[in-house]
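Inspection log for the structure reproduced underneath, given as structure tokens.
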Amino acid sequence: MTAATLDIHLTEDDLNTALRSDATQGLTATPKWLPPKWFYDAKGSELFERITELPEYYPTRTERALLERVVDEIADAAQAEVLVELGAGSAAKTRLLLTALSARGPLKTYVPQDVSSAALRAAADEVAAEFPGLGVHGVVSDFTDTLDNLPRGGRRMIAFLGGTIGNLVPEERAEFLARIHAVLEPGEQLLLGAGLVTDPAVLVPAYDDAAGVTAEFNRNVLHVLNARLRADFAPEKFRHIAVWDAAREWIEMRLEASEDMTVTVADLGLTVRFGRGEQMRTEISAKFRVGGLDAELAAAGFATGHVWTDPDDRFALILAGR
Ligand code: AVJ
């Protein structure tokens with residue numbers, strides 16, 4: 001058996017530098033905020049996997065069912081030799097794509113990228129064992145700044161699934177899509193999975209489940225700061241909040257201080273005060289309209305490709321060509 005190889009473009013040092021910079025900026029801002037990528041240490045990745053199995057969290061199973069339905073069409077259209085998957089995580093949906101691409105085309109290599117080396121190593125090894133003959137080449141990086149490190153040679157399809165594009169604000173999305181467009185060669189494709197605007201009565205519980213798993217996931221970012229930056233957050237004193245921002249069409253997750261607190265972040269030499277009721281933003285998860293996504297892709301230079309949606313119009317897969 002050929003083992004998967006793993007390229008580390010993001011070392012523990014790089015991660016710490018980025019975390020220090022993000023935490024300094026976010027914790028000294030008004031209002032305070034933290035970027036969602038810091039949810040995903042080993043524990044956070046595991047909590048996210050649990051979220052995907054919750055009855056309220058429809059995106060993963062909706063996208064999966066949609067992908068099952070249309071994966072052969074995607075494979076026929078893409079004819080990819082290399083599948084690059086941004087934010088691969090546990091690579092749960094990847095098997096569908098890999099099976100279809102290798103049955104209906106010239107697939108040679110799978111390149112999963114993720115910020116979490118723990119999740120990625122396990123996923124890459126499993127895929128390598130399941131698909132003998134497929135080259136598996138993992139890349140540990142931040143999806144927003146490592147497009148330049150992607151392998152060349154062989155027609156590529158870049159898959160960015162799960163709706164993670166929604167973690168970016170519109171300006172960040174424009175930049176990110178333009179950069180993907182810039183690294184693609186003519187004939188190569190982007191496969192984008194995006195959550196669609198739907199009923200807030202469906203959306204909000206997906207981010208505020210009855211079992212409290214999302215709350216634990218949200219508070220995990222505080223455990224990450226405690227462990228990595230020697231902070232002394234008391235995570236249980238922060239309440240999980242999920243709100244639908246109807247104007248900007250995104251879910252916003254926040255942590256609300258349940259009392260006045262002073263938090264020390266030893267590694268940053270920083271003291272941070274929280275007032276009772278103060279809210280800190282930890283994630284946005286934007287939802288889209290198909291027309292809006294098309295426009296954003298066109299603005300980044302992509303040719304309009306195929307769009308597939310589930311029967312309830314809650315999720316879209318879009319294949320856009322260079
Ligand atoms: C992994 C970014 C797609 O926004 O739905 C799940 C993360 N946050 N529950 C999402 C998440 C709260 C998820 N993404």
Side-chain angles (χ1 to χ4, degrees), residues 33-67 85-94 112-116 118-120 123 142-144 159-170 172-173 176 191-200 202-224 235 238-245 248-256 279-288 293 310 314-318:
W33 56 274
L34 290 170
K37 76 175 194 196
W38 303 112
F39 288 135
Y40 301 94
D41 65 348
K43 173 78 182 172
S45 298
E46 187 193 309
L47 285 167
F48 177 67
E49 291 306 318
R50 278 173 59 197
I51 287 175
T52 65
E53 284 151 24
L54 293 168
E56 297 96 331
Y57 192 77
Y58 64 88
T60 306
R61 71 179 66 92
T62 305
E63 183 185 44
R64 194 190 163 84
L66 178 59
L67 191 57
E85 188 177 15
L86 302 180
S90 70
K93 276 156 282 188
T94 311
Q113 173 279 338
D114 205 86
V115 69
S116 165
L120 191 63
D142 180 336
F143 68 72
T144 53
F160 191 39
L161 300 175
T164 304
I165 183 92
N167 276 172
L168 306 178
V169 297
E172 292 169 329
R173 290 199 304 263
F176 178 59
L191 177 66
L192 192 61
L196 297 178
V197 174
T198 189
D199 186 351
V202 172
L203 274 166
V204 173
Y207 291 84
D208 193 5
D209 62 282
V213 182
T214 308
E216 212 185 318
F217 173 75
N218 196 2
R219 284 189 284 265
N220 190 58
V221 73
L222 303 181
H223 290 287
V224 169
F238 286 82
R239 190 167 76 93
H240 166 67
I241 295 188
V243 286
W244 170 242
D245 183 329
R248 294 188 286 191
E249 299 193 319
W250 68 47
I251 288 277
E252 198 163 309
M253 295 213 314
R254 303 175 189 153
L255 289 169
E256 183 186 271
Q279 297 183 352
M280 170 164 71
R281 192 190 72 220
T282 51
E283 181 176 52
I284 66 154
S285 189
K287 305 304 166 196
F288 299 86
L293 268 176
D310 69 291
R314 291 179 182 169
F315 212 93
L317 287 169
I318 299 200

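Keep in mind the model is a prediction, meaning the values are calculated, not measured. When a ligand or atom number is given, it counts from 1 through the structure's own listing order.
Side chain of Asp310 to backbone of Phe315: a donor-acceptor contact under 3.5 angstrom is found. Between the side chain of Asn218 and the backbone N or O of Arg254, at least one donor-acceptor pair lies under 3.5 Å. Judged purely by atom type and a 3.5 angstrom limit, Arg239 has no side-chain atom pairing as donor or acceptor with the backbone of Gln279. Looking only at distances, no side-chain donor or acceptor of Glu252 sits under 3.5 Å from a matching main-chain atom of Ile284.
Under 4.0 Å from ligand 1, the heavy atoms of Tyr40 that appear belong solely to its side chain.
Atom 3 (C) of ligand 1 has its closest protein heavy atom at Gly162 O, 3.1 Å. Here the heavy atom of the protein found nearest to atom 2 (C) of ligand 1 is Asn167 OD1, 3.3 Å. The protein heavy atom nearest to atom 13 (C) of ligand 1 is Tyr57 OH, 3.4 Å. For atom 4 (O) of ligand 1, the nearest non-hydrogen atom of the protein is Ser285 OG, 2.7 Å. Nearest protein heavy-atom neighbour of atom 14 (N) of ligand 1: Thr164 OG1, 4.1 Å.
Close contacts of ligand 1 with Phe48, meaning ligand atoms under 4.0 Å from a residue heavy atom, involve 1 (C), 6 (C), 7 (C), 13 (C). Against a heavy-atom cut-off of under 4.0 Å, Met253 is close to the following atoms of ligand 1: 12 (C).
With sequence neighbours left out, Tyr57 forms a ring-ring contact (aromatic ring centres under 6.0 Å, His included) with Tyr207. Remark: Phe217 pairs with Phe39, Tyr40 by the ring-ring contact (aromatic ring centres under 6.0 Å, His included) rule, at least two apart or across chains.
Considering every non-hydrogen atom in both Thr198 and Leu203, the closest pair reads O-CD1, 3.3 Å.
Backbone and side-chain nitrogen or oxygen atoms of Thr214 are examined, and none is located within less than 3.5 angstrom of a nitrogen or oxygen of ligand 1. Considering backbone and side-chain N/O atoms, Glu283 comes within less than 3.5 Å of an N/O atom of ligand 1.
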